[in-house]
2 protein chains.
Amino acid sequence: MRFLVARCRVDYVGRLTAHLPEATRAIMVKADGSVLIHADGGSYKPLNWMSPPCAIRVSPGEADDDVEVWTVENKAGETLVITIHEILHSSEHELGVDPGLVKDGVEAHLQALLAAQVERLGEGWRLLRREWPTAIGPVDLMCRDASGLAVAVEIKRRAEIDGVEQLTRYLDLLNRDPLLAPVRGILAAQEIKPQARVLAQDRGIECVVLDYDAMRGHDDPATRLF
Amino acid sequence: MRFLVARCRVDYVGRLTAHLPEATRAIMVKADGSVLIHADGGSYKPLNWMSPPCAIRVSPGEADDDVEVWTVENKAGETLVITIHEILHSSEHELGVDPGLVKDGVEAHLQALLAAQVERLGEGWRLLRREWPTAIGPVDLMCRDASGLAVAVEIKRRAEIDGVEQLTRYLDLLNRDPLLAPVRGILAAQEIKPQARVLAQDRGIECVVLDYDAMRGHDDPATRLF
DNA sequence: ACATCTATGTCGTAC
DNA sequence: GTACGACGTAGATGT
């Protein structure tokens, strides 16, 4: 990895056209050729960047006050032109391959927990299966309620309007299956946006708020994902 | 801005729990207190990070081979603990405030261009207005075709299935208005995903692919956004 | 502050 | 490789 601090202008031409006027910025060049241009603030997104894999060509500056011009191009034909006026810092570092991030607490985990605790949806409920296959994608959980009726459950960390649309498409399809119909729908999430709740209600879809900590408290270690 | 290269472990506890085992990584600390942990590859997203505003507390390491432990905490109570084993590089840089990025070619520009060239949708078409207000949000363009029928146009850079859903909701609503009904729908985009095209067709929504360069060629500078 | 929508989204994963 | 959904989505914009 190369890290430099330089006074520069930047021009991106690709999915859109964008320009950075001259200023002092941090430039990170990674081993895979990707380039990040960072300002001294503004969270993790760079002002401008080029995604790997890409090639960097360095040429001498044309104007008197240009030190060098970098042309970075990737496979998709997008280009990033960095015109460097002054290099204030430059260093090279060996990092090696990263062992990578270990995560917990995402939707897959919520699904595993709820699959093991379907009684949270209603007494006497049974799980038919997780990832119930349909032509337009898998339904997170397919259950039968105490009276034996089929229920499709869509699980989200935060349920928004598109989650309701997704479940609606599943229900439309599932209700055409005479072996399954009538199929009810449940939207289960840690957090349900008001608009999503309204739309769900309008379509006869029940909303259930999941308490992740409580569910983890009842967790059976044998069914744990991690 | 401070930039360092260090052998470190990282633990994030917040919206989820995540852990980075010991390895050599690049650490960027910005003026606003935000911290980015980068590997030597993998595009612009850091392996781990903390968004501003946040406070950094540095304490001596407890184990023999820990140089120091950074505890970064933000307003939301999320924490990032960086256990540093060895510092391989450290430098400090003054960048100043960045003038910021200038963009072109986004959806707003597409909308402005198409509004000025509604004849691309059909001969004799008229624009009623951009951002036609409805109870569930504005319709990008509302037009009348040559025969005087109303047409709602949804504009996207890349049209996917959610764009069809969005337009469908608008059409459902608009068709309840006796002054407007019947209202047709058009999905206009630089690129239309196959699934979106199929769903649109199924719902009687017409798809139009926009040629951005051709539209810009016919651009009237007076109506230009930038 | 809250809700909604866009993004050069990026990233993983199933097909 | 393409398509699709999740994301610690982040960021902008309007109420």
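In the text below, chain A, chain B and the rest are named by the order of the sequence lines, each starting its count at 1.
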Item to check | Closest-nucleotide 5' rank along DNA chain C - winner of A:P194 and A:M50 | outcome: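 Of the two residues, A:P194 wins.
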Find the distance [X]:[atom1] to [N]:[atom2] and express it as a whole number of Å.
X	N	atom1	atom2	result
A:N74	C:dT10	CG	C1'	14 Å
B:Q166	C:dT6	CD	C1'	10 Å
A:I161	C:dA3	CD1	C1'	11 Å
B:N48	D:dT9	CG	C1'	14 Å
A:Y44	C:dT8	OH	P	13 Å
A:E165	D:dA6	CD	C1'	18 Å
A:E154	D:dG5	CD	C1'	10 Å
B:E131	C:dC5	CD	P	12 Å

Next on the checklist: Which nucleotide, if any, forms a Watson-Crick or G-U wobble pair with D:dG8, using both distances under 3.5 Å?
Outcome noted: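 The base-pairing partner of D:dG8, which may sit in any strand shown, does not exist here.
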From the list [options], which nucleotide is the closest neighbour of the side chain of [X]?
X	options	value
B:R15	C:dT8, D:dG8, C:dG9	D:dG8
A:K103	D:dA10, C:dT8, D:dG8	D:dG8
A:K45	D:dG5, C:dT8, D:dG8	C:dT8
A:R157	C:dG9, D:dC7, D:dG5	D:dC7
B:S43	C:dC11, D:dG5, D:dG11	C:dC11

Item to check | Electrostatic pair B:R25:A:D98 at N-O distance under 4.0 angstrom | outcome: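 A salt bridge is present here (some side-chain N lies under 4.0 Å from a carboxylate O).
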Checklist entry - For A:I155, does its backbone N or O pair with a side-chain atom of A:D140 as donor and acceptor, under 3.5 Å? => result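 Yes, because the side chain of A:D140 sits within donor-acceptor range (under 3.5 Å) of the backbone of A:I155.
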Next on the checklist: If I take atom CZ from residue B:R197 and atom CG from residue B:L199, how far apart are they, to the nearest 0.5 angstrom?
Outcome noted: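 Answer for the CZ-CG pair, B:R197 versus B:L199, is 12.5 Å.
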Item to check | C:dG9 OP1/OP2 closer than 4.0 Å to side-chain N/O of A:W49 | outcome: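 Checking C:dG9 against A:W49, no side-chain N or O comes under 4.0 Å of OP1 or OP2.
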Which part of the nucleic acid, if any, lies within contact of [X], taking any heavy atom under 4.0 Å across all strands shown: a base, the sugar-phosphate backbone alone, or nothing?
X	result
B:K156	sugar-phosphate
A:G42	sugar-phosphate
B:L47	nothing

Item to check | Trace of the side-chain contact (heavy atoms from CB on, under 4.5 Å) decision for A:V10 with A:H19 | outcome: CA-CA 6 Å; A:V10 184; A:H19 172 72; over 6 Å; no
Item to check | P-based separation of C:dC5 from D:dG8 [nearest Å] | outcome: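 22 Å, rounded to whole Å.
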Checklist entry - Do A:H38 and B:Y44 have their ring centres less than 6.0 Å from each other? => result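 No, ring centres 6.0 Å or more apart.
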Item to check | Min side-chain heavy-atom separation B:C143-B:V153 under 4.5 Å | outcome: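 B:C143 vs B:V153: side chains touch.
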Next on the checklist: With the stacking rule set at 5.5 Å and 30°, tell me whether A:Y12 counts as stacking on C:dT8.
Outcome noted: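 Stack criterion met.
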Item to check | Given DNA chain D, 5'-ward residue of the pair B:A196 and B:G14, judged by closest heavy atom | outcome: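 Of the two residues, B:A196 wins.
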